[in-house]
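Here the structure is a predicted model, which is why all the values come from computation and not from measurement.
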Amino acid sequence: MSHSLVCWKCGASLAALSLPMRRLDICPRCSAELHVCRMCVEYDTSKAKHCREPTAEEVREKDRANFCDFYKPREKAYTPPDLASLGASKAGLDALFGGGAKPAAPATDEARTPLDDLFRPRKP
């Protein structure tokens with residue numbers, strides 16, 4: 001039976017894996033554990049314990065393999081990063097803190113001259 005599951009972490013196809021998934025199955029591309037809350041149809045961050053199943057025991061690490069009996073893999077578990085939003089956030093921070101460019105360091109001679117003058121022995 002064919003399925004269209006993808007890794008929750010990197011989006012790689014998991015079509016080569018047979019169902020039901022074993023607890024220790026990992027992604028062939030990124031080696032992420034797959035029997036995890038973040039890949040389950042019951043995973044929902046708007047719910048208590050991030051799970052729609054009210055009788056499920058709480059799993060603290062949502063991206064680590066677990067023993068949950070309610071686990072069912074979700075087909076669209078991968079969410080690509082929102083690069084436009086990240087770029088806008090970075091631009092806002094750069095504007096707030098003076099841009100992304102670092103000020104040029106003074107040339108070695110320019111910085112050294114005042115120090116040499118400060119520590120040069122005085123003539124009597």
Side-chain angles (χ1 to χ4, degrees):
M1 181 167 134
S2 179
H3 59 79
S4 59
L5 295 173
V6 295
C7 174
W8 65 271
K9 190 171 185 180
C10 72
S13 172
L14 303 175
L17 294 177
S18 61
L19 295 178
M21 279 190 188
R22 296 176 307 124
R23 181 185 168 277
L24 297 178
D25 279 341
I26 60 170
C27 173
R29 183 194 297 165
C30 71
S31 299
E33 296 172 332
L34 299 174
H35 195 287
V36 299
C37 294
R38 297 213 29 197
M39 181 127 175
C40 182
V41 295
E42 301 296 341
Y43 181 70
D44 184 350
T45 57
S46 69
K47 302 293 182 189
K49 302 183 283 183
H50 295 175
C51 186
R52 287 188 209 121
E53 177 53 54
T55 60
E57 290 186 36
E58 182 176 8
V59 176
R60 293 189 187 271
E61 295 180 84
K62 309 296 187 207
D63 57 356
R64 300 293 310 263
N66 59 59
F67 291 99
C68 182
D69 291 331
F70 298 101
Y71 174 80
K72 290 179 239 91
R74 179 170 46 121
E75 288 199 6
K76 295 181 178 153
Y78 177 68
T79 305
D82 184 0
L83 298 178
S85 176
L86 291 174
S89 297
K90 183 171 180 352
L93 287 171
D94 287 346
L96 182 63
F97 293 108
K102 297 197 186 263
T108 312
D109 293 336
E110 292 175 26
R112 186 166 182 100
T113 304
L115 287 174
D116 286 344
D117 291 343
L118 182 65
F119 293 105
R120 182 172 293 131
R122 294 182 188 214
K123 295 181 182 180

I want to check something: taking the side chain as every heavy atom from C-beta on, are Val41 and Pro73 in contact at a cut-off of under 4.5 Å?
no
Contacts of Glu33 meeting salt bridge (charged side-chain N to carboxylate O under 4.0 Å, His left out) (sequence neighbours excluded), chain-then-number -> Arg64
Residues Leu34, Leu24; criterion side-chain contact (heavy atoms from CB on, under 4.5 Å); working and verdict
CA-CA 7 Å; Leu34 299 174; Leu24 297 178; over 6 Å; no
Set of residues satisfying side chain to side chain contact (heavy atoms under 4.5 Å, CB included) with respect to Thr45, sequence neighbours excluded:
Tyr43, His50
For the student: nearest non-hydrogen atoms of Phe70 and Thr55, plus distance:
CZ-OG1, 3.3 Å
Is it true that Trp8 and Met21 fall in one hydrophobic cluster, defined by side-chain heavy atoms closer than 4.5 Å?
yes
For Ala56 and Lys49, work out which heavy atoms get closest and say how close.
O-NZ, 3.1 Å
For the pair Leu19 and His3, evaluate side-chain contact (heavy atoms from CB on, under 4.5 Å) and give the outcome as yes or no after the intermediate values.
CA-CA 9 Å; Leu19 295 178; His3 59 79; 3.6 Å; yes
For the student: nearest non-hydrogen atoms of Cys30 and Lys9, plus distance:
SG-CB, 4.1 Å
Listed by chain and number, what are the salt bridge (charged side-chain N to carboxylate O under 4.0 Å, His left out) partners of Arg22, not counting sequence neighbours?
Asp25
Answer with yes or no whether the hydrophobic clustering places Leu17 together with Tyr71; edges join I, L, V, M, F, W, Y residues whose side-chain heavy atoms lie under 4.5 Å apart.
yes
side-chain hydrogen bond (donor to acceptor under 3.5 Å, both in side chains) with Arg29: which residues, sequence neighbours excluded?
none
Looking only at heavy atoms, the pair that brings Leu14 and Cys27 closest together is CD2-CA, 4.3 Å
Nearest heavy atoms of Cys68 and His35, plus distance in Å:
O-CE1, 3.6 Å
With sequence neighbours left out, write down each residue that passes side-chain hydrogen bond (donor to acceptor under 3.5 Å, both in side chains) with Glu42, or none if nothing qualifies.
Lys72
Can you tell me how far apart OH (Tyr78) and SG (Cys7) are? Round to the nearest 0.5 Å.
9.0 Å
One should read off an interatomic distance between Lys62 NZ and Arg38 CZ, to the nearest 0.5 angstrom, of 11.0 Å
How far apart are the closest heavy atoms of Ser13 and Pro28, and which atoms are they?
O-CG, 4.3 Å
With sequence neighbours excluded, residues passing salt bridge (charged side-chain N to carboxylate O under 4.0 Å, His left out) with Asp63
none
